[in-house]
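Here is the structure we will look at.
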There are 2 protein chains.
Amino acid sequence: MSTAWTSRYAARTKGITSSVIRDLLKITQRPGMISFAGGLPAPDVFPVQRFEEACRKVLAEQAALALQYGATEGYTPLRELLANNMARYGIKANVENVLITSGSQQALDLIGKLFINAGDRVLVEAPTYLGALQAFNVYGAEYVSVPSDDNGLCTDLLEQPLRSGPKFMYVLPNFQNPAGTTLSAGRRHDLILLADKYGIPIVEDDPYGQLRYEGEHLPSLVVLDHENVRRDSGYSIGNVIYLSTFSKTLAPGLRLGWIVAPPEVISKLAQLKQGADLHTSTFTQFVAYEVACDGFLDKHVKLIRQVYRERRDVMLQALQEFFPPAVTWTHPQGGLFLWVTLPEGVDIQALLKSAIEQNVAFVPGDSFYAPSRDVHNDVHNNDLQSHDVHNDDTREGSRHMRLNFSNATPEQIREGIRRLSEAVKTHLKAAKSRSEHPLEV
Amino acid sequence: MSTAWTSRYAARTKGITSSVIRDLLKITQRPGMISFAGGLPAPDVFPVQRFEEACRKVLAEQAALALQYGATEGYTPLRELLANNMARYGIKANVENVLITSGSQQALDLIGKLFINAGDRVLVEAPTYLGALQAFNVYGAEYVSVPSDDNGLCTDLLEQPLRSGPKFMYVLPNFQNPAGTTLSAGRRHDLILLADKYGIPIVEDDPYGQLRYEGEHLPSLVVLDHENVRRDSGYSIGNVIYLSTFSKTLAPGLRLGWIVAPPEVISKLAQLKQGADLHTSTFTQFVAYEVACDGFLDKHVKLIRQVYRERRDVMLQALQEFFPPAVTWTHPQGGLFLWVTLPEGVDIQALLKSAIEQNVAFVPGDSFYAPSRDVHNDVHNNDLQSHDVHNDDTREGSRHMRLNFSNATPEQIREGIRRLSEAVKTHLKAAKSRSEHPLEV
């Protein structure tokens, strides 16, 4: 079946497909399934009563404004509240530095729209957030991937990639999605100095920063940029664009995120947002303001930390107890995810299939690596070398599972990890047998 | 003040500026101002109590779903409700034909993203909806503008523009924004047959279709396409993509619109929507469903018709009473706008300035004409000819005012038109004097 439309797709949409994760979500909704695949908050921590009071108040006192069209930049009291809240984490933003977006996914889309010409490179971590790749792909981004380890992005490997002239670096310093790792204090400083040295700005994506379960808060890149580089420049928001969201602290169903950037960049982003959706729902902005105000947000974040810390600990404990010794995993200090590394040779797609048969789900790691679309245009490397890197990434990705620990209950987590360990053991055995009898494959 | 960012804007954002209307909105918020400039619904008709009940019900019974991430395509019961509601207007859509969007502005953005390669032409009415131009501009659209008159798009002028191969036609058949005109039944048939003959599909934007104050409902293009062309093809949604919204029937602050299209197009649009904002707020979708269900939407639309019909009549009456005879205007059968035509020679920007000084605002007509960016690539016309058309459009636009009659009260409308008539008379006199003494200019 085809229509006049299907032959008319724009070139930019070639190869755009649905995300593996969102497709997995459909499978994981079947009864009895324990899913570690999504990035869903626990519904148990939604502050439902507070939402109910907020809706009542907004509709009783401000319905004419809250249901009407609003400013593209967002509801001013909410922008103020966010500026004040961020100040407590050292981020010196004024109202005119803040643009409200329809979730931080829209922030990524607007940034792609504003900055990426087809063929432009974006420097990303390997692995990185799948949704950012989806947002940037449509604008024709190519990628320079830089490896990360337990301390986050390997900044000692950055100089050569920075010399290849990426448009910007896209980095998740806190409890990274998917790896669960945190960029160390030392590397944060190195990153800021390198960004300044090469004149390559940074998009800092920080959806989980407030959800730390152990260790000390580390300053955001946007703060360090100010302290180290921009101290005398007269403005506090410079070469780092900072993104965050209410999706993990209040509720993702609101679709409320925000961008912190220099005013002239906010103004350009707002012009693009006009064309994209006029503005984010005034109603959800008014409601979120009423929910978050008077210190509720901070109090609520403390509750979330407590609930998720327990779930993380249960998952770490269950992994220790059930998983074979050849398998390793990260120890996230916060956030929603951990990252499991399997021995070489496991067929990750077959493992996923077995896991789903046993009613437990995860996301295979290969989804989180940027495609090496720059292979043929790369003048700094020969094709073969880039090609090898590409293969490395794919092989590297196929050894990993992303596990989410925020959505399932502690009991489900324990049972899910037990089920998953059975599937893992079976496939480890198969991989071992294949490597011992390679001709039979 | 500049940063590493400001030198990095993508080529596509050149010339992207804030819409005149949204900038005007800031001015029109000052006290005492009577604004005919926006396209805002009357807050008096927001069904606030129904919203309050809906929020309470959703949070009491379905908070865990309504505050959580949701499907990109939208909340299924809402998509079903829309399919059923549209069926009453003859539109045979199934759930899989419906994609929920973050306002119908997002529908326009997604359509631009999916179909427009830089340099592609889009056939539009002259004048047309400014927001569509904003959405399409960023993807590098060029335009073929076809004049409209009191019966809407002049379909007798369509054949040559269609031969120039536009990617699609963008048409607002009902109570057009900005002109307030309605495409006649005969022209609807002609348009569908021409679209079929030349294989050029149609995007039908219908935000106001239910808000008819006189005359009989005319079938949508998507319905005629099925009846006339697609009768034996086995599918009911073919070469017309249909857009609508809750912004004018429930509340714009929800940011809820929808697209009706063939399933394979919906699937592609949903993939792009994933990258753009993951999905539209689940909370506003659940609330809108609860507000609209059980026949409330139809009942409420009847109330809105009654209120807006009165306001339209008051505006028409006041124009008749206060405006000089050299000025004419359209008689909209529905919707939110009428379109005033001034004699040649009036300086519309100076008129707007005078009007604002007298605390009344409108949108100058020139905002609603597509730029003739295709001048230099046009092989079917010589440059001079295209250039003349462009000049015609600009001159044509500068003779018009768009007036909104939904937002102000009847008393304000009468007083606003009286104030505006004073400004108009002053500037008519100035224009007359300039044309009699041209050397003094």
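Residue numbering restarts at 1 for every chain, and letters A, B, ... go by the order of the sequence lines. Fair warning: this is a prediction, and the values are worked out from it, not measured in the lab.
B:T72 touches chain A through backbone and side chain together, each having a heavy atom under 4.5 Å away. Contacts between B:Y139 and chain A at a heavy-atom distance below 4.5 Å involve backbone atoms as well as side-chain atoms. With a 4.5 Å cut-off on non-hydrogen atoms, A:V240 touches chain B through its backbone but not through its side chain. For a residue to count as touching a neighbouring chain, one of its non-hydrogen atoms must lie under 4.5 Å from one of that chain's; by this rule A:L269 does not touch chain B. When heavy atoms are compared at a cutoff of 4.5 Å, B:I241 approaches chain A by way of both its backbone and its side chain. Heavy-atom distances place the backbone of B:A66, and not its side chain, under 4.5 Å from chain A. Residue B:I111 does not touch chain A at all, counting heavy-atom pairs closer than 4.5 Å. Heavy atoms of A:A132 lying under 4.5 Å from chain B are absent altogether. Residue A:D196: no heavy atom, backbone or side chain, is found under 4.5 Å from chain B.
Aromatic rings of A:F283 and A:Y75 (six-membered ring for Trp) have centroids beyond the 6.0 Å cut-off, not under it.
Counting heavy-atom pairs closer than 4.5 Å to chain A, the top-ranked of the candidates B:L59, B:N117, B:L67 is B:L67. Interface check for chain B: of the options A:P201, A:G70, A:G257, the most heavy-atom pairs under 4.5 Å are formed by A:P201. Among A:A64, A:A276, A:C55, the residue with the largest count of heavy-atom pairs under 4.5 Å with chain B is A:A276. Put simply, of B:Q134, B:K167, B:Q49, the one with the most heavy-atom pairs under 4.5 Å next to chain A is B:K167. Of the listed residues B:S281, B:P43, B:A251, the one with more heavy-atom pairs under 4.5 angstrom with chain A than any other is B:S281. In terms of heavy-atom pairs under 4.5 angstrom with chain A, the leader among B:L110, B:L114, B:I116 is B:L114. If you tally non-hydrogen atom pairs under 4.5 Å between each of B:A107, B:A118, B:P41 and chain A, the highest count goes to B:P41. Of the listed residues A:V58, A:T282, A:L278, the one with more heavy-atom pairs under 4.5 angstrom with chain B than any other is A:L278. If you tally non-hydrogen atom pairs under 4.5 Å between each of A:A270, A:S267, A:S247, A:A10 and chain B, the highest count goes to A:A10.
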TODO: Apply ring-ring contact (aromatic ring centres under 6.0 Å, His included) to the pair A:F46 and A:F51, showing each step before the final yes or no.
DONE: CA-CA 9 Å; A:F46 293 152; A:F51 269 104; 7.8 Å; no

TODO: Decide side chain to side chain contact (heavy atoms under 4.5 Å, CB included) for A:T101 and B:D277; before the verdict, give the C-alpha distance in whole Å, the side-chain angles of both, and the deciding distance to 0.1 Å.
DONE: CA-CA 9 Å; A:T101 57; B:D277 66 358; over 6 Å; no

- [ ] Could you please spell out the steps behind the side chain to side chain contact (heavy atoms under 4.5 Å, CB included) verdict for A:F286 and A:L65?
- [x] CA-CA 9 Å; A:F286 274 65; A:L65 290 173; 3.8 Å; yes

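Counted by atom type alone, A:S102 and B:S102 present zero donor-acceptor pairs between their side chains at under 3.5 Å. With hydrogens and angles left out, the side-chain atoms of A:K273 and A:Q106 include a donor and acceptor closer than 3.5 Å.
Here the side chain of B:D225 pairs a donor or acceptor atom with the backbone of B:N239 at under 3.5 angstrom.
Side-chain contact between B:M169 and B:I200 is present, with heavy atoms from C-beta onward closer than 4.5 Å.
Salt bridge status for B:D109 with A:K113: present, with a side-chain N to carboxylate O gap under 4.0 Å. Taking a cutoff of 4.0 Å between a charged side-chain nitrogen and a carboxylate oxygen, B:E52 and B:R56 qualify as a salt bridge.
In this structure, OG on A:S104 lies 11.0 Å from CG on A:L256, to the nearest 0.5 angstrom.
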